[in-house]
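For reference, the structure is listed below as structure tokens.
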Amino acid sequence: MAAFQSPKGTRDFYPDQMALRRHVENIWRKASVDCGFDEIEGPTFEHLSLFTAKSGPGIVSELFSFRRAGGSDDYALRPEFTPTLARMAAARAGTLSVPTKWFAIPLHFRAERPQRGRLREFVQWNVDLLGSEGAAADCDVIACAALALERLGLQPTDVRFRLAHRGASAAVLTAAGVAGEHIGEAFELLDRRDKLSPEEFQTRAVKLGLDAAAQKRFAAIAGTKLPVSASMNDVAASLGVDADVLAPLAELSEKLNSLGLSDWCQWDFGIVRGLAYYTGTVFEVHECAGKERAIAGGGRYDGLVELFGGPKMPAIGFGMGDVVLGLVLADKGLLPKDGGLLLPRPDVFLISDGSDAAEKALPKLVMQIRRAGLHARHSWKATKNVGKLLSDAGKCRARSALILGAEMADGAVAIKDLDGGGQRVVPLGEVVTTLLAMTTANTSNPSKEI
RNA sequence: GCGGUCGUAGCUCAGUAGGUAGAGCAUCGGGUUGUGAUCCUGAGGGUCGCGGGUUCAAAUCCCGUCGAUCGCCCCA
């Protein structure tokens with residue numbers, strides 16, 4: 001066994017796993033671009049203070065932080081992308097178009113104990129829309145997430161966006177008897193209700209000044225889940241508030257309906273999101289049966305850019321990690337068991353019969369074909385057994401095999417279509433054009449992309 | 001940071017009172033028949049996660065440690 005292991009909570013990506021990772025990343029990237037977001041990237045590590053500025057000193061124990069030998073500055077590997085995004089936005093705030101739509105697919109690092117769905121190094125897709133308030137902006141990023149999930153093969157029966165709105169939830173809690181100064185604690189209680197014992201829940205509820213009736217109401221609110229297409233009057237009625245208190249939800253509902261996203265979404269008044277900085281819409285994406293951790297989470301954080309030294313700039317965004325998503329996709333059979341099936345297919349695999357003429361011609365031909373922009377591989381084996389070599393061509397899923405054999409005497413080679421099975425003899429001078437023609441005829445195959 | 005389970009070749013596993021490691025697949029090579037194959041044949045690869053202890057002797061028992069996994073804490 002190896003003397004060295006990969007560090008705790010990290011992964012090695014061999015070609016098969018890397019192909020799976022790229023498959024997901026490519027879909028994320030394409031969905032982002034199609035939705036009008038521009039890709040950005042920042043440093044893998046930042047000044048430690050950037051992270052403590054947002055999350056407080058307590059965050060340090062969750063970070064991989066370090067100081068250069070002999071240096072005096074403290075750094076940390078980024079545990080999330082939002083501070084970097086906010087820093088970048090603040091620095092260019094004066095020149096950014098409105099709205100500014102950015103996405104990133106960075107690696108993140110967190111010094112936590114690994115668990116199912118949670119590692120110390122992971123990829124997280126971040127999508128953010130800056131400079132625009134309102135439901136249209138909120139729904140724009142939600143739509144982008146939904147588009148990617150749909151392209152990954154998921155359906156509204158597989159995953160669900162659980163949405164809430166901090167303002168609306170606060171109004172509902174107030175109506176339920178929570179005093180204004182206790183709203184923060186009430187959110188915390190709402191968020192943690194499933195983890196607490198009934199006794200603990202009650203103790204905390206009493207601290208919020210809730211009597212028995214109000215506690216019951218509170219619990220009912222926490223468990224309220226409704227379709228976003230439900231009428232606001234019905235939603236208001238089931239929560240015991242006036243419909244005008246739910247105005248933010250009404251706007252969201254209208255936009256989601258018009259975007260055809262209602263099936264993907266539901267109201268869930270138990271969704272709070274732990275982050276103190278969220279100011280409006282908040283949401284999480286979960287597997288419908290409640291398996292796994294949240295696939296994605298996000299919301300509106302209008303004070304964030306200001307927190308990092310910029311102007312007041314409304315913002316909505318979300319993050320989606322590769323770990324939980326990968327588990328869900330695997331559960332649903334939406335990833336090939338053999339990641340090798342996602343590796344790029346060679347357009348041609350060259351085989352030599354071992355004769356001098358073939359051995360000499362092969363490398364030249366390979367280079368010619370590659371210069372033409374095609375993916376060419378060739379056997380490195382010593383054997384001249386055409387059957388064994390063709391089997392190699394099949395293993396790497398080549399589209400065609402080019403056999404340099406007896407036909408060389410006539411200045412020609414055999415090209416076998418490994419998908420269709422046909423074979424023809426082609427003069428050396430026409431090899432590249434023939435292969436190009438075969439490839440363009442095959443552009444429908446998705447594995448050809450990127 | 002705290003508890004439960006687990007750790008033998010690249011993969012799936014066997015290894016049966018403790019007696020100094022095995023199979024299938026995969027990989028690599030040779031041979032035969034010009035075509036993804038069959039057949040024949042050979043090889044490499046593990047100090048049994050690592051370290052210590054008990055013993056004449058440990059993959060097997062004990063302790064520690066590292067890693068994986070499940071739960072708690074946390075969850076940006």
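Heavy-atom basis, side chains included; hydrogens, waters and symmetry copies ignored. By convention in this document, chain letters (A, B, ...) are assigned in the order of the sequence lines, proteins followed by strands, and residues within each chain are numbered from 1.
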Just to be sure I understand the rule, does [X] reach a base, reach only the sugar-phosphate, or reach nothing, if contact means heavy atoms closer than 4.0 Å?
X	value
A/Ile403	base
A/Ala406	base
A/Ser391	sugar-phosphate
A/Asn385	base
A/Arg192	sugar-phosphate
A/Lys416	base
A/Glu407	base

Looking only at atom types and distance, does a side-chain atom of A/Arg204 sit under 3.5 Å from a main-chain N or O of A/Glu188, one as donor and one as acceptor?
->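 No.
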Look only at the side chain of A/Asp322 and the backbone of A/Val123, and say whether a donor-acceptor pair between them is shorter than 3.5 Å.
->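 Flag set: sc A/Asp322 to bb A/Val123 pair under 3.5 Å.
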What about [X], does its side chain sit under 3.5 Å from the base of [N] through a donor-acceptor pair?
X	N	result
A/Arg273	B/rA76	no
A/Lys388	B/rG34	no
A/Arg118	B/rG71	no
A/Gln115	B/rU69	no

Side chain of [X]: nearest nucleotide among [options]?
X	options	answer
A/Lys8	B/rG3, B/rG67, B/rA37	B/rG67
A/Leu63	B/rC72, B/rA76, B/rC2	B/rA76
A/Gln423	B/rG34, B/rA76, B/rU35	B/rU35
A/Lys395	B/rA37, B/rG34, B/rU27	B/rU27
A/Glu112	B/rA76, B/rG29, B/rU35	B/rA76
A/Ile59	B/rG71, B/rC28, B/rA76	B/rA76
A/Leu390	B/rU32, B/rG36, B/rG34	B/rG36

Should [N] form a Watson-Crick or G-U wobble pair with both distances under 3.5 Å, which nucleotide is its partner?
N	result
B/rC61	B/rG53
B/rC39	B/rG31
B/rG71	B/rC2
B/rA23	B/rU12
B/rA17	none
B/rG7	B/rC66

Closest-nucleotide ordering on RNA chain B, the 5'-leading residue of A/Trp380 and A/Pro7 =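 Comparing both residues, the 5'-ward one is A/Trp380.
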With nearest nucleotides of RNA chain B determined for A/Ala111 and A/Gly9 from heavy-atom distances, which residue corresponds to the more 5′ nucleotide?
->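 Upstream on the strand: A/Gly9.
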Distance between [atom1] atoms of [N] and [M] (Å, rounded):
N	M	atom1	answer
B/rU69	B/rU27	P	28 Å
B/rC40	B/rC56	C1'	47 Å
B/rC62	B/rU54	C1'	7 Å
B/rA58	B/rU20	C1'	9 Å
B/rC13	B/rC6	C1'	15 Å
B/rC28	B/rA68	C1'	31 Å
B/rG18	B/rA59	C1'	10 Å
B/rC48	B/rG22	P	13 Å

Nucleotide [N], atom [atom2] - distance to [atom1] of [X] in whole Å:
X	N	atom1	atom2	result
A/Arg293	B/rG71	CZ	C1'	10 Å
A/Ile415	B/rG34	CD1	P	23 Å
A/Glu188	B/rC74	CD	C1'	12 Å
A/Arg11	B/rG67	CZ	P	17 Å
A/Phe51	B/rC74	CZ	P	22 Å
A/Arg345	B/rG36	CZ	C1'	13 Å
A/Leu418	B/rU35	CG	P	14 Å
A/Glu284	B/rC75	CD	P	12 Å

Using a strict 4.0 Å threshold on nitrogen-to-oxygen distance, state whether A/Glu112 and A/Arg118 make a salt bridge.
->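 Salt bridge: yes.
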A/Asp417/A/Arg424 ion pair, N-O < 4.0 Å |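 Here A/Asp417 does not pair with A/Arg424 in a salt bridge, since their nearest N and O are not under 4.0 Å apart.
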Are any of A/Arg116's side-chain N or O atoms less than 4.0 Å away from OP1 or OP2 of B/rC70?
->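 So the side-chain polar atoms of A/Arg116 do come within 4.0 Å of the phosphate oxygens OP1 or OP2 of B/rC70, strictly under.
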Should the pair A/Tyr301 and A/Tyr277 be assigned to parallel (<30°), tilted (30 to 60°) or perpendicular (>60°) ring geometry?
->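 A/Tyr301 vs A/Tyr277 ring planes: perpendicular.
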Under 3.5 Å side-chain donor-acceptor pair for A/Trp102 and A/Ser32 |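 No, no side-chain donor-acceptor pair sits under 3.5 Å.
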Can you tell if the side chain of A/Ile271 reaches within under 4.5 Å of the side chain of A/Phe283, non-hydrogen atoms only?
->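 Sidechains of A/Phe283 and A/Ile271: no contact.
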Of A/Phe109, A/Phe51, A/Phe64, which meets side-chain contact (heavy atoms from CB on, under 4.5 Å) against A/Pro79?
->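 When A/Phe109, A/Phe51, A/Phe64 are each tested with A/Pro79, the side-chain contact (heavy atoms from CB on, under 4.5 Å) holds only for A/Phe51.
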Would you please indicate if the ring centroids of A/Tyr75 and A/His47 are separated by under 6.0 Å?
->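 When the ring centroids of A/Tyr75 and A/His47 are compared, they turn out to be within the sub-6.0 Å range.
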